[in-house]
Amino acid sequence: MTVATMRSALNAGLRRALSEDGDVVLIGEDIGRLGGVFRVTDGLQDEFGPRRVVDAPLAEGAIVGTAIGLAYRGFRPVVEIQFDGFIYPAMDQIVTQLAKLHYRTRGQVRFPVTIRMPFGGGVGAVEHHSESPEAYFAHTPGLRVVTCATPQDAYDMLRQSISDDDPVIFLEPKRRYHTRGELDESVSGRVLHPLHEGRVLRAGSDVTLVVYGALVQTALDAAEAAAAEGVSLEVIDLRSLSPVDDRLIEDSVVRTGRLVVAHEAPLQGGVGASIVAAVTDRCFEFLEAPPTIIAGFDTPYPPAKLERHYVPDLDRILDGVDRVLGRPHAGVEKP
Amino acid sequence: MTRTSPWWTDGDETIALVSEDGERIPHPELDTMITDLTIDDLRGLYRDMAVVRRIDTEATALQRQGELGLWAPLLGQEAAQVGSARALRTDDFVFSSYREHAVAHLRGAKPVELLRMCRGTAHSGWDPLEIRMAPMQIIIGAQTLHAVGYGMGIRNQESDDVAVTYFGDGATSQGSVSEAMVFAASFNLPVLFFCQNNQYAISEPVGLQSRAPLAQRALGFGIPAIRIDGNDVLAALAATRFALAHIREHGAPVFIEAITYRMGPHTTSDDPSRYRPEQELEDWRTRDPLLRLERLLAAADESTGLRDLADSESDEIARVLREECLALSDPDPEEIFAHVYSTEHRVIDRQRSFLSAYLGMFEEEGS
Ligand SMILES: Cc1ncc(C[n+]2csc(CCOP(=O)(O)OP(=O)(O)O)c2C)c(N)n1
């Protein structure tokens with residue numbers, strides 16, 4: 001057990017995947033000599049050579065298309081997209097090809113492609129560097145979509161994603177790259193949490209609070225603050241956005257009767273909306289209040305000087321908690 | 001050997017009109033493009049380059065001092081940008097990437113407008129229709145297609161202005177840039193593709209993007225190409241004038257590859273020591289674009305007071321730049337919702353009211 005940043009945990013996870021499986025190939029822009037703009041692939045090209053850690057020409061569509069071809073040939077490609085906002089030139093290959101090829105080939109060909117990308121805001125960046133595009137992927141059948149919130153999950157989930165036989169969109173909460181936490185790199189004797197399951201990080205009885213990615217820490221802080229006021233929040237780290245671990249959420253909501261989902265992505269058509277729809281459908285009689293979603297607004301991600309008003313923070317989450325508890329609150333954040 | 005035609009033929013020749021030592025190299029066709037240039041004009045080009053270098057240095061300093069979130073320095077690319085931008089007409093329209101600060105400055109963007117995006121107060125700095133230049137483009141290659149569409153509009157209206165798009169060597173790998181060349185060639189549109197080959201796309205050397213000279217790529221699309229020494233402001237000016245004259249006359253696209261060098265980091269977040277040999281930078285320092293023009297002027301005994309004059313103008317612009325930057329205050333939270341749509345939108349209205357009520361709660365608490 002060591003203490004590591006999420007960035008170095010991801011680096012260790014990639015190193016382990018590369019050394020354990022000769023079919024794993026990394027491909028992306030600036031991932032070789034530079035080690036990626038966030039240094040997640042630091043040192044890997046030196047260690048594994050330029051055929052396994054590939055600096056690609058500047059073309060995201062070509063990178064994902066090439067990964068698909070590598071998969072046809074039996075490889076396990078791991079793609080790095082430099083920033084969330086640069087995934088869009090690759091959307092065609094992802095949506096019309098990668099997501100559908102297993103279905104199209106009637107299961108005869110596997111496409112174990114992992115697409116890693118930093119996502120989310122809060123880092124003071126210029127346009128296209130702070131987006132939360134997860135809903136596009138969660139909306140696309142054939143893709144698994146996951147995200148991590150701790151160094152340990154970063155390490156484990158990345159390795160699980162790479163060994164998964166389906167395409168996985170692996171979202172890395174960029175403003176937590178430097179967050180430290182415990183990291184156990186041993187394999188034996190450690191039972192890995194299933195990739196598609198969420199996790200209760202803090203048990204509570206009054207309100208279920210569902211979050212993922214960078215907001216997990218914010219939610220834990222909010223739970224601490226709420227506890228000081230006598231309100232008990234149950235915090236669930238969703239981890240998998242497709243499929244969503246609905247059983248875990250429902251079990252919790254049945255006990256608490258109240259649900260708040262928070263994410264940075266815009267509200268409309270988002271991950272929160274489908275969770276609330278499912279809970280309303282299946283747990284209606286247990287609900288004591290309408291569930292609520294605390295989300296980014298339905299606007300483009302704003303310039304850096306405005307992002308503190310856009311990204312849900314501790315207070316915005318607690319405002320949602322007040323709302324489901326029937327206390328005074330700011331209003332209804334609904335479309 | 002002197003080339004008789006500026007159009008790309010074969011080999012890897014690059015046209016320069018001024019040698020590294022400041023000697024004038026004749027070129028039969030490009031020379032005809034700059035016969036009007038007086039010594040004062042040359043001194044003006046020097047001043048332009050010195051001023052944009054100073055703007056760039058000041059912005060880099062502002063970033064280091066925490067006043068800007070980021071800056072993409074143009075250091076080393078002054079000649080390519082100043083030479084080409086000085087060849088444009090005011091009614092031409094520019095679609096650039098994020099490093100063309102000199103072009104924006106010469107199009108008429110105010111110093112502070114160059115900084116607004118990097119200060120994080122807005123996503124763009126200037127009024128695109130006023131200075132006829134689209135906002136900086138971060139998505140690599142996207143702007144080249146916009147130039148094509150603009151060029152289609154010019155053609156349909158039978159006008160003789162030109163859509164000019166600037167992009168990097170890395171951008172040439174994007175599908176969008178190839179698609180732009182297909183469309184421009186296929187429809188025969190008045191578009192100038194101006195590629196600044198500064199040798200790197202962040203850490204990736206140009207050899208990773210293309211085995212062949214980039215100018216040759218244009219030929220494959222049926223677009224004539226000129227390859228110039230991008231650190232020679234006269235070559236940049238003459239080649240761009242030549243290309244624009246051709247485009248205006250024939251309404252057909254031209255590609256210019258300007259060979260230059262990014263002497264600074266990719267952006268202020270980058271650490272080029274991880275991928276770039278120090279010696280390479282030293283070699284390119286001897287080809288500094290300002291130095292070259294200064295040598296040309298010195299050879300003609302016309303460089304007296306050149307630096308002093310440029311410095312005093314630069315000082316003044318840098319002072320204004322800094323002052324205006326520091327005066328750029330944080331926008332009102334309402335701005336988040338402004339301009340998402342051009343007309344009323346229910347979702348936006350509700351969310352705006354929410355945020356205002358929400359922020360109001362804190363004010364009540366505070367009072
Ligand atoms: C679609 C897209 N992918 C990746 C990036 C990240 N990125 C920003 S600049 C850059 C390199 C661009 O190189 P080049 O086109 O040569 O222009 P230069 O920066 O050298 O001026 C990259 C990869 C981006 N902005 N957009």
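Naming convention: chains lettered A, B, ... in sequence-line order (proteins, then strands); numbering from 1 in each chain. Atom set for the values below is all heavy atoms of this structure, side chains included, hydrogens, waters and symmetry mates excluded.
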Do side-chain atoms of [X] reach the backbone of [Y] as a donor and acceptor pair under 3.5 angstrom?
X	Y	value
B:Gln209	A:Leu58	yes
B:His123	A:Tyr301	yes
A:Tyr310	B:Ile336	no
B:Gln351	A:Phe297	no

Is any side-chain heavy atom of B:Tyr275 less than 4.5 Å from a side-chain heavy atom of A:Asp30? no
Let me know if [X] has heavy atoms under 4.5 Å from chain B in its side chain, its backbone, both or neither.
X	result
A:Val123	neither
A:Ala125	neither
A:His128	side chain

Candidate pair A:Asp298 and B:Arg350, rule salt bridge (Lys or Arg N to Asp or Glu O under 4.0 Å), full reasoning: CA-CA 10 Å; A:Asp298 288 304; B:Arg350 283 212 192 117; over 6 Å; no
Among B:Ser173, B:Pro272, B:Ser356, B:Ser176, the residue with the most heavy-atom pairs under 4.5 Å to chain A is B:Ser173
Looking only at heavy atoms, what is the nearest atom pair of A:Pro303 and B:Gly120, with distance?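 That would be CB-O, 3.2 Å.
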If one checks every heavy atom of B:Asp349 against chain A at 4.5 Å, the contacting part turns out to be neither
